[in-house]
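Excluded from the calculations below are hydrogen atoms, water molecules and symmetry mates; all remaining heavy atoms, backbone and side chain alike, are included. Quick note on labels: first sequence line is chain A, next is B, and so on, each numbered from 1.
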Amino acid sequence: MINIPKGTRDMLPDEAYKWHYIEDIARKTAALYGFKEIRTPMFEHTELFLRGVGETTDIVNKEMYTFLDKGGRSITLRPEGTAGVARCFVENGLQQNPMPMKAYYIASVFRYEKPQNGRLREHHQFGVECYGSEAPEADVEVISLAHDFLRRAGLDFAELNINSIGCPECRARYNAALKEYIGQNLHAMCAQCRERFDKNPLRILDCKEEECKKITANAPKITEFLCEDCKAHFDSVRAGLDELGVPYKVNPSIVRGLDYYTRTVFEFVSTDIGAQGTVCGGGRYDRLVEQVGGKPTPAVGFGLGLERLLLVLENTGRLAASESSVEFYVAPMGDAAKKVARQIVAAKRRSGVSAETDIVGRSLKAQMKYADRIRAKYVVVVGDDEIARDEAEIKDMQSGETSRVALSSLLK
RNA sequence: GUGGAUAUAGCGCAGUUGGUUAGCGUGCCAGGUUGUGGCCCUGGAGGCCGUGGGUUCGAGUCCCACUAUUCACCCCA
C-alpha cells in the first residue's frame with residue numbers, strides 16, 4: 001500500500017464543490033477590482049527564492065523543496081507565489097504595459113513543514129499582486145480586495161491587523177534603536193532572538209517566548225521611527241481603509257516572515273481554527289522587483305490560504321452542503337430500451353441538460369435506488385411497453401409523482 | 001527541529017484479567033416473485049488488528065523499536 005505523502009491532501013469528488021465555490025468567489029472578486037489571472041511555473045530556480053524571499057527567513061532556510069534536476073540545476077518548488085510573479089514581470093518586460101499591473105493567481109505552494117491543523121506541505125493560495133504604484137491607494141485597493149473576498153466567502157469576522165515596518169532607511173534607524181534598548185538584556189533572551197539581534201532585529205518583536213516578550217514589551221515602536229514619507233504613507237492607508245469602512249487594528253508587533261516587505265504589512269486572523277489562525281498575509285514590497293533583477297518597481301499584494309479559509313468556514317458552519325445533482329436519470333428495461341435511453345441521454349446533454357443512464361447493468365429497482373442516492377431530480381423509465389406506445393414515464397423523485405410524455409419530446 | 005496523544009473493514013467505533021473461525025454501526029453489492037427510490041427485513045463482499053522484533057503453551061490485548069497520523073511549540077497561508 002502506497003500512502004499519500006505527508007502533509008498533502010486528496011480533493012475527493014464529493015468536496016470539489018467547496019473548492020469551486022471559493023475559487024469562483026476569488027475570480028469574481030478579483031475581476032471586480034480589475035485584476036487578471038497570471039500563471040507561473042510550480043518550480044523556479046532556487047536562486048530566485050534566495051534573492052526574493054530572503055536568505056535569513058525560515059521559509060528559505062529550512063522549508064524549501066529543493067532538488068537538482070537531471071541537468072544539475074538547483075530547482076525549488078515554489079514556497080510562495082510572489083517571487084515567481086516578480087520574475088515573470090521582469091522577464092516579460094511587463095513594466096512596458098500600462099501601470100499598474102494588477103494580477104491574481106490561485107496556485108499550490110510547497111513548504112517542508114511539520115503538518116498540523118491548518119498547516120500542510122502543499123497548500124493553495126489565492127494571491128494578488130499590484131505592481132507600479134507606490135501610492136497608499138494601491139495598498140488600500142489590495143487590502144480591501146482581501147476584505148471583500150473574505151466577506152463574500154462568508155468570513156466576516158476575521159480581524160485585520162496592520163502595521164508599517166517602514167522603508168530600509170527607517171528600519172535601519174529603528175534596528176539601531178531596538179538593539180540599544182535591548183542592550184544588556186540580550187543575554188536573557190532566547191537563543192533564536194540572540195541570533196536575530198545581529199541578522200534581523202525586527203523579528204525579535206515576533207518572538208513568542210515569555211521572557212523575550214517581557215523584555216520587548218516597552219521597546220520603542222517602529223511607527224515612532226518612520227520617516228516623514230513612510231509615516232504619511234501609513235496614515236493615508238489607514239485613512240483610506242476608514243473611508244471604505246474596512247475595520248482594522250494597528251498592531252506594532254506584526255512584522256511578517258518574508259524579507260521583501262517594506263512599509264505596509266497586514267494579516268487577517270481568525271480565532272476559529274486553533275493556533276494557525278492567519279488566513280491572509282500581505283503587504284508592500286517595493287524592493288522585490290529590483291532584487292530579482294528588474295528596474296525599481298513598487299508593489300503590494302497578499303497571499304491567502306484557501307485550506308485555512310475552508311477550515312474556518314466549515315468550523316463555523318458557513319459552508320452550505322452541495323446542491324449539485326443530475327437533472328435526469330434514464331432507467332431502461334431491456335435491450336431495446338437501453339438504446340432509447342442512450343438516445344435520450346445524448347439529446348439531453350446536447351441541449352445542455354445533465355443526464356445519466358445505467359452503465360453497470362442493474363435491475364430497475366437497483367437503478368431507482370442509485371438515482372435516489374445521486375439525488376437525480378427526475379427518473380425516466382423506458383421499457384418495451386413505453387416504446388410500443390411511444391411514450392415514457394417520468395418520475396419526480398422529490399414528490400414521487402409520475403407522468404407520461406411522448407418519447408419524441410425527450411429526444412429533441 | 002522540540003514535546004504530547006493515537007494506530008482494529010471505505011468511514012466511525014467495540015474488543016473484558018492475554019484463550020478457538022476478530023465484532024458493531026454506517027457505507028457498498030444483491031435479494032425480499034410478474035416493471036419503481038427513501039423505511040423495514042435477509043444475505044454477501046470487504047481486516048497480515050500500522051510495521052518489525054520480544055515475552056508467553058498462546059498476543060488485537062503485555063514490552064521495545066520503527067513508521068504513519070494527529071495536536072501543540074517554532075514558523076507561516
Colleague: Assess the side chains of Gln367(A) and Tyr329(A): does a donor N or O sit below 3.5 Å from an acceptor N or O?
Modeller: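 Yes, because at least one side-chain N or O of Gln367(A) sits under 3.5 Å from a partner of the opposite role on Tyr329(A).
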Colleague: How does RNA chain B look in dot-bracket notation if pairs are Watson-Crick or G-U with both distances under 3.5 Å, crossing ones as [ ], other-strand ones as |?
Modeller: (((((((..((((.....[...)))).(((((.......))))).....(((((..]....))))))))))))....
Colleague: Quick one: do Glu37(A) and Arg27(A) make a salt bridge, cutoff under 4.0 Å?
Modeller: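 Judged by the 4.0 Å cut-off on N to carboxylate O distance, Glu37(A) and Arg27(A) do form a salt bridge.
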Colleague: Can you identify which nucleotide, out of rU70(B), rG35(B), rC76(B), has its nearest atom closest to the Met333(A) side chain?
Modeller: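 From the listed options, rG35(B) comes nearest.
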Colleague: Is it the case that the side chain of Lys18(A) and the backbone of Leu310(A) share a donor-acceptor pair, with hydrogens and angles ignored and the cut-off at 3.5 Å?
Modeller: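 Judged by distance alone, no pair lies under 3.5 Å.
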Colleague: Would you mind reading off the distance between Phe110(A) atom CZ and rA77(B) atom P, rounded to a whole angstrom?
Modeller: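 One finds 16 Å between P of rA77(B) and CZ of Phe110(A), rounded.
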Colleague: Sequence neighbours excluded and cut-off under 3.5 Å, please list the side-chain donor-acceptor pairs for residues 165-172 of chain A, or say none.
Modeller:
unit_1	atom_1	unit_2	atom_2	d
Arg171(A)	NE	Ile165(A)	O	3.2
Arg171(A)	NH2	Tyr261(A)	O	3.0

Colleague: Under a 3.5 Å threshold, yes or no: a donor from one side chain and an acceptor from the other, between Ser164(A) and Thr264(A)?
Modeller: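 No.
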Colleague: Just do the side chain to side chain donor-acceptor pair (under 3.5 Å) check on Glu129(A) and Thr82(A) with the steps written out, would you?
Modeller: CA-CA 7 Å; Glu129(A) 315 278 344; Thr82(A) 297; 3.0 Å; yes
Colleague: By side chain to side chain contact (heavy atoms under 4.5 Å, CB included), which residues pair with Glu113(A), not counting sequence neighbours?
Modeller: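 Partners of Glu113(A) by the side chain to side chain contact (heavy atoms under 4.5 Å, CB included) criterion, ordered by chain and then number, come out as Glu63(A), Arg111(A), Arg119(A).
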Colleague: Which pairs of donor and acceptor atoms, one on a side chain in residues 330-356 of chain A, lie under 3.5 Å apart (sequence neighbours left out)?
Modeller:
unit_1	atom_1	unit_2	atom_2	d
Arg349(A)	NE	Ala355(A)	O	3.0
Arg349(A)	NH2	Ala355(A)	O	2.9
Ser351(A)	OG	Ala347(A)	O	3.1
Ser351(A)	OG	Lys348(A)	O	3.1
Ser354(A)	OG	Glu327(A)	N	3.0
Glu356(A)	OE1	Tyr370(A)	OH	3.1

Colleague: Could you tell me how far rC48(B) sits from rU55(B) if I compare only their P atoms? Round to whole Å.
Modeller: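 Going atom to atom, P in each nucleotide, I get 26 Å.
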Colleague: Can you check the distance between rC64(B) and rU69(B), where both ends of the measurement are the P atom (answer in whole Å)?
Modeller: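 It comes out at 23 Å once rounded to the nearest Å.
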Colleague: State which of rU69(B), rA77(B), rU36(B) makes the closest approach to the side chain of Leu364(A).
Modeller: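 Selected nucleotide: rU36(B).
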Colleague: Within a 6.0 Å radius of atom OH on Tyr112(A), are there more than 12 heavy atoms belonging to other residues, nucleotides or ligands?
Modeller: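 Result for OH/Tyr112(A): open.
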Colleague: According to salt bridge (Lys or Arg N to Asp or Glu O under 4.0 Å), who are the partners of Lys221(A), at least two apart in sequence or on a separate chain?
Modeller: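 Not a single residue meets the salt bridge (Lys or Arg N to Asp or Glu O under 4.0 Å) criterion with Lys221(A).
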Colleague: Please give the distance between the C1' atoms of rA45(B) and rG31(B) as a whole number of Å.
Modeller: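 Here rA45(B) and rG31(B) have their C1' atoms 14 Å from each other.
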Colleague: In B/S/- notation, 5' to 3', how is nucleotides 37-42 of chain B contacted by protein heavy atoms closer than 4.0 Å?
Modeller: BB----
Colleague: Give every pair of a protein N or O atom and an N or O atom of nucleotides 1-3 of chain B that lie under 3.5 Å apart, one pair per line with the distance.
Modeller:
unit_1	atom_1	unit_2	atom_2	d
rU2(B)	O4	Lys114(A)	NZ	2.8

Colleague: Who are the side chain to side chain contact (heavy atoms under 4.5 Å, CB included) partners of Tyr248(A), not counting sequence neighbours?
Modeller: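 For Tyr248(A) the side chain to side chain contact (heavy atoms under 4.5 Å, CB included) partners, ignoring immediate neighbours, are Leu160(A), Ile162(A), Arg238(A), Leu241(A), Asp242(A), Val250(A).
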Colleague: Check the distance between rC76(B)'s P and Glu122(A)'s CD and give it to me in whole angstrom.
Modeller: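 Glu122(A) atom CD is separated from rC76(B) atom P by 21 Å.
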Colleague: With rounding to whole Å, what would you report as the distance between rC40(B) and rA77(B) at their C1' atoms?
Modeller: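 Nearest-Å result for rC40(B) against rA77(B) at atom C1': 49 Å.
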Colleague: Could you state the CE-C1' distance from Met64(A) to rC75(B), rounded to the nearest angstrom?
Modeller: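 That distance rounds to 15 Å.
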Colleague: Using the C1' atoms only, state how far rG23(B) lies from rU16(B), rounded to an integer number of Å.
Modeller: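 Rounded to whole Å, the distance is 14 Å.
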Colleague: Please tabulate, for side-chain N and O atoms in residues 403-412 of chain A, each donor-acceptor pair with protein atoms closer than 3.5 Å (sequence neighbours left out).
Modeller:
unit_1	atom_1	unit_2	atom_2	d
Arg404(A)	NH1	Glu391(A)	OE2	3.0
Ser409(A)	OG	Ala406(A)	O	2.7

Colleague: Anything under 3.5 Å between a protein N or O and an N or O of nucleotides 8-13 of chain B, put it in a table, one pair a line.
Modeller:
none

Colleague: Please determine whether any donor N or O and acceptor N or O are separated by less than 3.5 Å between the side chain of Arg308(A) and the base of rC76(B).
Modeller: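 Side chain to base: pair found, below 3.5 Å.
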Colleague: Salt bridge between Lys28(A) and Asp148(A), side-chain N to carboxylate O under 4.0 Å?
Modeller: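 Asp148(A) and Lys28(A): not salt-bridged.
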Colleague: Just by distance, with hydrogens left out, do Glu80(A) and Tyr260(A) show a side-chain donor and acceptor under 3.5 Å apart?
Modeller: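 Side-chain D/A pair, Glu80(A) to Tyr260(A): present.
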Colleague: Taking any heavy-atom pair under 4.0 Å as a contact, classify Glu113(A): base, sugar-phosphate, or nothing.
Modeller: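 Touches a base.
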Colleague: Just call it for Arg9(A): base, sugar-phosphate, or nothing, with non-hydrogen atoms closer than 4.0 Å on any strand.
Modeller: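 Arg9(A): backbone/sugar contact only, no base atoms under 4.0 Å.
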Colleague: Any donor and acceptor pair, going by atom type alone, linking the side chain of Arg51(A) with main-chain N or O of Gln291(A) inside 3.5 Å?
Modeller: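 A pair under 3.5 Å: yes.
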Colleague: Dump every N/O contact between nucleotides 47-50 of chain B and the protein below 3.5 Å, one line per pair.
Modeller:
none

Colleague: Could you tell me whether Leu120(A) contacts a base, only the sugar-phosphate backbone, or nothing, with contacts defined as non-hydrogen atoms closer than 4.0 Å?
Modeller: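 Result for Leu120(A) = base.
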Colleague: Check whether more than 12 heavy atoms from other residues, nucleotides or ligands sit under 6.0 Å from atom OH of Tyr33(A), and answer yes or no.
Modeller: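 More than 12 heavy atoms, drawn from other residues, nucleotides or ligands, come within 6.0 Å of this atom.
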Colleague: Are Glu44(A) and Arg78(A) within salt-bridge range, i.e. N to O under 4.0 Å?
Modeller: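 So Glu44(A) does not pair with Arg78(A) through a salt bridge.
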Colleague: Does Asn117(A) put a side-chain nitrogen or oxygen below 4.0 Å from OP1 or OP2 of rC71(B)?
Modeller: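 Result: yes.
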Colleague: Using a cut-off of 6.0 Å, state whether more than 12 heavy atoms not belonging to Arg39(A) lie near its atom CZ.
Modeller: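 Counting other residues, nucleotides and ligands, CZ of Arg39(A) stays at 12 neighbours or fewer.
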Colleague: Starting from C1' on rA68(B), measure out to CZ on Arg121(A) and report it in whole angstrom.
Modeller: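 Roughly 12 Å, once rounded to whole Å.
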Colleague: Give the rounded distance in Å between these two atoms: CD1 of Ile4(A) and C1' of rU67(B).
Modeller: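 Interatomic distance, CD1 of Ile4(A) to C1' of rU67(B): 17 Å.
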Colleague: Spell out yes or no: do the side chain of Gln367(A) and the base of rG35(B) have one donor N/O and one acceptor N/O closer than 3.5 Å?
Modeller: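 Not at all, since no donor on one side and acceptor on the other fall under 3.5 Å apart.
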Colleague: Between Glu47(A) and Ser74(A), does any side-chain donor sit less than 3.5 Å from a side-chain acceptor?
Modeller: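 The answer is no; no qualifying pair exists.
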Colleague: In whole Å, measure the gap between the C1' atoms of rG47(B) and rG35(B) for me.
Modeller: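 The same atom, C1', in both gives a distance of 39 Å.
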Colleague: If you take any heavy atom closer than 4.0 Å to RNA chain B, which residues from residues 145-158 of chain A end up in contact?
Modeller: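 Under 4.0 Å from RNA chain B: no residue of residues 145-158 of chain A.
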Colleague: What is the distance, to the nearest angstrom, from the CD atom on Glu307(A) to the C1' atom on rC76(B)?
Modeller: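 Rounding to the nearest Å, CD of Glu307(A) and C1' of rC76(B) are 13 Å apart.
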Colleague: Say we look at rG1(B) and rC49(B): how far apart would their C1' atoms be, to the nearest angstrom?
Modeller: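 To the nearest whole Å, 33 Å.
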Colleague: Considering only rC76(B), rA30(B), rG35(B), which nucleotide approaches the side chain of Ala366(A) most closely?
Modeller: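 Between rC76(B), rA30(B), rG35(B), the one nearest the side chain of Ala366(A) would be rA30(B).
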Colleague: Does Leu68(A) have more than 12 heavy atoms from other residues, nucleotides or ligands lying within 6.0 Å of its CG?
Modeller: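 Counting neighbours around CG of Leu68(A), more than 12 heavy atoms of other residues, nucleotides or ligands fall under 6.0 Å, so yes.
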Colleague: Please report the distance separating the C1' of rC13(B) from the corresponding atom of rU6(B), rounded so that it comes out in whole Å.
Modeller: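 That atom pair is separated by 14 Å.
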Colleague: Backbone N or O of Cys280(A) within a donor-acceptor pair of the Thr278(A) side chain at under 3.5 Å?
Modeller: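 A pair under 3.5 Å: no.
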Colleague: In whole angstroms, how far is the C1' atom of rG27(B) from the CG atom of Asp14(A)?
Modeller: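 Distance check: Asp14(A) CG to rG27(B) C1' gives 12 Å.
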Colleague: Grab the CD-C1' distance between Glu267(A) and rC75(B) for me, whole Å please.
Modeller: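 Rounded to the whole Å, the gap is 11 Å.
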